[in-house]
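Working notes, beginning with the structure itself.
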Amino acid sequence: VVGNPECWVSGVATLERAGPDDLAFLTNVKYRAVAETTRAGAVLVGPGAALAGRDLLEAPEPYLALAEILGMFEPPRVLRPGVSPAAHLGREVHLGAEVVVGPYAVLGDRVFLADRSVVEAGCVLGDGCAVGEGTTLRPRVVLYPGTRVGARCLIHSGVVLGSDGFGFATSGGKHRKVPQLGRVVVEDDVEIGANSTVDRGTLGDTIIGRGTKLDNLVMVAHGVEIGSDSLLVAQSGIAGSARLGARVTIAGQAGVAGHLTIGEGAVVAAKSAVFEDLPPDAFVAGIPAIEHRAWKKSSVAHRRLPEVLAELRSLRERVEALEKSARRSET
Amino acid sequence: VVGNPECWVSGVATLERAGPDDLAFLTNVKYRAVAETTRAGAVLVGPGAALAGRDLLEAPEPYLALAEILGMFEPPRVLRPGVSPAAHLGREVHLGAEVVVGPYAVLGDRVFLADRSVVEAGCVLGDGCAVGEGTTLRPRVVLYPGTRVGARCLIHSGVVLGSDGFGFATSGGKHRKVPQLGRVVVEDDVEIGANSTVDRGTLGDTIIGRGTKLDNLVMVAHGVEIGSDSLLVAQSGIAGSARLGARVTIAGQAGVAGHLTIGEGAVVAAKSAVFEDLPPDAFVAGIPAIEHRAWKKSSVAHRRLPEVLAELRSLRERVEALEKSARRSET
Amino acid sequence: VVGNPECWVSGVATLERAGPDDLAFLTNVKYRAVAETTRAGAVLVGPGAALAGRDLLEAPEPYLALAEILGMFEPPRVLRPGVSPAAHLGREVHLGAEVVVGPYAVLGDRVFLADRSVVEAGCVLGDGCAVGEGTTLRPRVVLYPGTRVGARCLIHSGVVLGSDGFGFATSGGKHRKVPQLGRVVVEDDVEIGANSTVDRGTLGDTIIGRGTKLDNLVMVAHGVEIGSDSLLVAQSGIAGSARLGARVTIAGQAGVAGHLTIGEGAVVAAKSAVFEDLPPDAFVAGIPAIEHRAWKKSSVAHRRLPEVLAELRSLRERVEALEKSARRSET
């Protein structure tokens, strides 16, 4: 605490909206000017963020501290355990302790729901699916048969796991479907955003590694394997059989081509397309993606292309003039 | 009316398919050649579109006129008011006059449905959601708890409003979830296309302004605020905390990075990525997006890059030859 | 068969995971090294893939052969014909022989289900929809009223067919909705991936041609016509009224602008954006898309742009020096 240790707050709010009873937070330097004029009673900041005359809560990792503090203010979700009478269960369904199954949910044969798992309204789980302990499927998630979701996962509405991979053998201009016999395996502590899709493997499994987070409208194709603690931002896509290491970041609207290997810790900038393997800790951008620093230089140069053409034309003329005069002086 | 004022039509059709009893329309110059050979009985055109020998209906804004005319031909949707016995209602649900709730819809506790609102089959509305007067949710829309949708909105199938923002505090390579406590607020007269997603704010609300239209598969991240009468075309995405003014157009597959301010009336061309604030009425394109006219010039120049390299090589050789001969003549 | 004609296998697996009882397959040269060390009992290969000391099954089109072989290993889907008592049917619904309608499916008035069609759990079919013989709608598909799906189609979960096109007449900064009165017509043998969306036409129909395959999260706008046997890879989008010929390929995250004509057999590379008509068999890439070979050259040149600028500066200085010395020698 920097400032008054007796300062009390009863809520958390953004810098713009906070009042004297709120704790606001400055976790992005961009908002420093706003922080200087906020009406907040106190501000959560990182190390050394000297905001004159303010009561501050300084944390070594302020965004992490915010996560903890917000957890205290999160209203508890009260879900009465039990299976809705308006749910539809197949044969040999395993229901763990304190599971919740919402209205109009459909569980196929041999579905396994571990203890404290939650299947909300309108979800459809095909035969043989398994949902791990404490995992929640928000309304209208579909798991195709055989899909496995680990413990403590959060799967948002509209997500489809286990749909067929886009595999066709083309012969004589016709596309024959290649049966997709693999599964989708989602490991523990994974979050998947609304309306994202993960296809089942052709033979092996499509794997989303432990602790990995997918944003909304993300596409993971058949046979992809994603390591642990990776981040796939909204509308990004990973083509078939690509392998992503641990702690990879794929920013928004970026794509990774099929059959590539992306080293652990690699970062792909927004809107980029990766067409080659990436070593660990690579940071790339562009279409095709190249090393980020080189991309930045090329992007700046790109804007100057019209100048370059003009300059080139002028140089050509000047060189021609020099050549002519040189020939003259030789003769 | 240009031509025969007694000309009668009984339907509307495209230029290609119209017959003698149909009104066709020419609202895009690209189809002028087709308009000259159409079998249509009459053609709706803009000012001064001289189509020789044709009966024309000339309107100052022909596309607007088409909207009005098509409204006359639209078959009325007959929905019997009432709540399906196969819907599932929580406690303290407010049902306005003449509301429609379809089969297998789920309304949580304290849901408010204003007069003449329609919740079609399979929708799921979390606790405390509110739907404005005359608004329609097509089948299988999900509203997370606390979501507010204004009056006269049209929300298409598969839309998810209020899912968690993609907020994680990363520490030691692990991603800790930042609770998402804000809401989604959709103002009046908004349309949202199929399978689009709008995330709730971390603390403040994500706001879709009055009269704004979102196409299909659009992603609006947490804490974004979009002004009135904006257009977000299919597969575009707006990253967290960005602020878009009124009458902004984000064309198809374009993206706006987080925490940016996009001035009112700005236009972002298809497939572009905006990484900097934009002033009002900006028109930008490219990755990163730059002023559209400059982008166009650079794009043309881009195609000539291989030539540029060749030219540069040739100039270098010629300059070297000149330098050599200059040195010779000096000695 | 190359090698031991008595070799028996009882399963199919990837090169990496296959054991002595499995047939593995080498259909992508990239995995040749893996094929040399696989533990597989036999390997399916293309012509002339000499893998020393291995029992091989050689096929002229190995991926096609794989499709056939996997078909033998695909577990049969056992669906008991019949309409779930927990489905909701409108008036005058036609149920063909051996149809399957899952729980919580909703069929509007005058819906037509041809023989052996399958409508899985939670699907919603609006009034007047028709589903062809042997077609399957996986769980939670929505067909807006009037949508027609042909025979032997496979429509994956979350797909929305027939939602309103994004048509607005803008006048005085306000967007007035243009009624969307056309339909979506999906011809025979089409597959549509999870969470993809196809909008109805404004007046004419949006048409997905026979044998065409759409991957996940694909967007097809109003009035688009796609020829037969085309492929639209994940997250690609086709803007309004575009016409695609037969056997077109739109790779992942690519886009086609509105009102364009794409000739048959054309290929658009991943992440590209087409802004001009394409002749048959074109192969294009880039934003805007240009001929693929030219794009590749320009991309290589693009990386050298910073060099180009440096080189240009150096040449300018050298030319200036030459000019100065030329002037000196003249005087």
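Sequence lines set the chain letters: A, B, ... in the order given, protein chains first and strands last, and positions in each chain run from 1.
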**Study point:** Contacting moiety of Arg140(C), where chain B heavy atoms sit under 4.5 Å
**Key:** both
Check your understanding: At a heavy-atom separation under 4.5 Å, does Asp127(C) approach chain B through its side chain, its backbone, both, or neither?
Key -> neither
Practice item. Among the options Val233(B), Leu66(B), Asn28(B), Leu231(B), pick out the one with the most heavy-atom pairs lying under 4.5 Å from chain C. Key: Leu231(B)
Study note, to complete from the structure: The interface call for Ile69(B) against chain C, heavy-atom contacts under 4.5 Å, is neither
Practice item. Report yes if the side chains of Leu305(C) and Leu305(B) come closer than 4.5 Å at any heavy-atom pair, otherwise no. Key: yes
Practice item. Provide the closest heavy-atom pair for Pro179(C) versus Leu70(B) in the form atom of the first, atom of the second, distance. Key: O-CD1, 3.5 Å
Point to revise | Where Leu181(C) and Glu74(B) come nearest, the two heavy atoms and their spacing | key: CD2-CG, 3.6 Å
Exercise for review: Output the option from Gly258(C), Ala273(C), Gly237(C) having the highest count of non-hydrogen pairs under 4.5 Å with chain B.
Suggested key: Gly237(C)
**Study point:** Nearest heavy-atom neighbours spanning Val218(C) and Leu217(B)
**Key:** O-CD1, 3.8 Å
**Study point:** Residue, of Pro145(C), Gly173(C), Ala294(C), Gly204(C), that accumulates the most heavy atom pairs under 4.5 Å with chain B
**Key:** Gly173(C)
Check your understanding: Counting distance only, does the side-chain N/O of Glu323(B) pair as donor-acceptor with the main-chain N or O of Leu322(C) below 3.5 Å?
Key -> no
Review point. Checking Ser314(C) against chain B: side chain, backbone, both or neither under 4.5 Å from a heavy atom?
Key: neither
Review point. With side chains defined as the heavy atoms from C-beta onward, is the minimum distance between Asn216(B) and Ser163(C) less than 4.5 Å?
Key: yes
Check your understanding: Considering residues, nucleotides and ligands other than Arg148(C), do more than 12 of their heavy atoms fall under 6.0 Å from its CZ?
Key -> no
Revision key, fill the gap. Residue from Ala301(C), Ser298(C), Ser329(C), Gly201(C) scoring the most non-hydrogen pairs under 4.5 Å with chain B is Ser298(C)
Point to revise | Under 4.5 Å from any heavy atom of chain B - which part of Ser157(C) | key: neither
Check your understanding: Hey, are the side chains of Lys177(C) and Leu154(B) touching, using non-hydrogen atoms and a 4.5 Å cut-off?
Key -> yes
Review point. Is there a donor-acceptor contact under 3.5 Å from the side chain of Tyr104(C) to the main chain of Pro103(B)?
Key: no
Exercise for review: Tell me, out of Glu291(C), Arg304(C), Gln235(C), who's got the most heavy-atom pairs with chain B below 4.5 Å.
Suggested key: Gln235(C)
Review point. What part of Val308(C) is in contact with chain B, defined as an atom under 4.5 angstrom from a non-hydrogen atom: side chain, backbone, both or neither?
Key: both
Review point. Heavy-atom distance under 4.5 Å to chain C: side chain of Ala326(B), backbone, both or neither?
Key: side chain
Review point. Of the backbone (N, CA, C, O) and the side chain (C-beta and beyond), which part of Leu64(B) lies under 4.5 Å from a heavy atom of chain C, both, or neither?
Key: both
Exercise for review: For the residue pair Trp295(B) and Phe275(C), categorise the inter-ring angle as parallel (less than 30°), tilted (30 to 60°) or perpendicular (more than 60°).
Suggested key: perpendicular
Review point. Measuring from Asp164(C):CG to Arg138(B):CZ, what's the distance to the nearest 0.5 Å?
Key: 7.0 Å
Review point. In terms of heavy-atom proximity below 4.5 Å to chain C, should Glu61(B) be classed as side chain, backbone, both, or neither?
Key: side chain
Check your understanding: Just how far is it from atom CE of Met219(C) to atom CG of Asn195(B), taken to the nearest 0.5 Å?
Key -> 10.5 Å
Review point. What part of Glu320(B) lies closer than 4.5 angstrom to a heavy atom of chain C: side chain, backbone, both or neither?
Key: both
Revision key, fill the gap. Honestly, the part of Leu309(B) sitting under 4.5 Å from a heavy atom of chain C is side chain
**Study point:** Engaged part of Glu16(B) at the chain C interface, taking heavy atoms whose separation is under 4.5 Å
**Key:** side chain
Revision key, fill the gap. The reported gap from CG in Leu203(C) to CZ in Phe25(B) (rounded to nearest 0.5 angstrom) is 5.0 Å
Exercise for review: Go through the steps for Asp215(B) and Asp199(C) under the test side chain to side chain contact (heavy atoms under 4.5 Å, CB included), then give the verdict.
Suggested key: CA-CA 10 Å; Asp215(B) 200 347; Asp199(C) 280 350; 4.1 Å; yes
Exercise for review: Pick whichever of Ile290(C), Val106(C), Leu312(C), Leu315(C) has the most heavy-atom pairs under 4.5 Å with chain B.
Suggested key: Leu315(C)
Point to revise | Contacting moiety of Ser299(B), where chain C heavy atoms sit under 4.5 Å | key: side chain
Review point. Hey, is CZ on Arg39(B) packed in by over 12 heavy atoms from elsewhere, all under 6.0 Å?
Key: no
Check your understanding: Contact part of Lys30(B) toward chain C, heavy-atom cut-off under 4.5 Å: side chain, backbone, both or neither?
Key -> side chain
Review point. Checking Asp189(B) against chain C: side chain, backbone, both or neither under 4.5 Å from a heavy atom?
Key: neither
Review point. Which one, Thr202(C), Ile287(C), Val159(C), leads in non-hydrogen pairs under 4.5 Å with chain B?
Key: Ile287(C)
Check your understanding: Measuring heavy-atom distances to chain B, does Val220(C) have an atom under 4.5 Å in its side chain, in its backbone, in both, or in neither?
Key -> neither
Exercise for review: Give, as side chain, backbone, both or neither, the part of Tyr31(B) having an atom under 4.5 angstrom from any heavy atom of chain C.
Suggested key: side chain
Check your understanding: For Gln253(B), is it the side chain, the backbone, both, or neither that has a heavy atom closer than 4.5 Å to a heavy atom of chain C?
Key -> side chain
Check your understanding: Glu191(B) versus Phe166(C): any side-chain heavy-atom pair under 4.5 Å?
Key -> no
**Study point:** Contacting moiety of Arg303(B), where chain C heavy atoms sit under 4.5 Å
**Key:** both
Practice item. For His175(C) and Lys213(B), indicate whether the former's side chain and the latter's backbone hold a donor-acceptor pair under 3.5 Å. Key: no
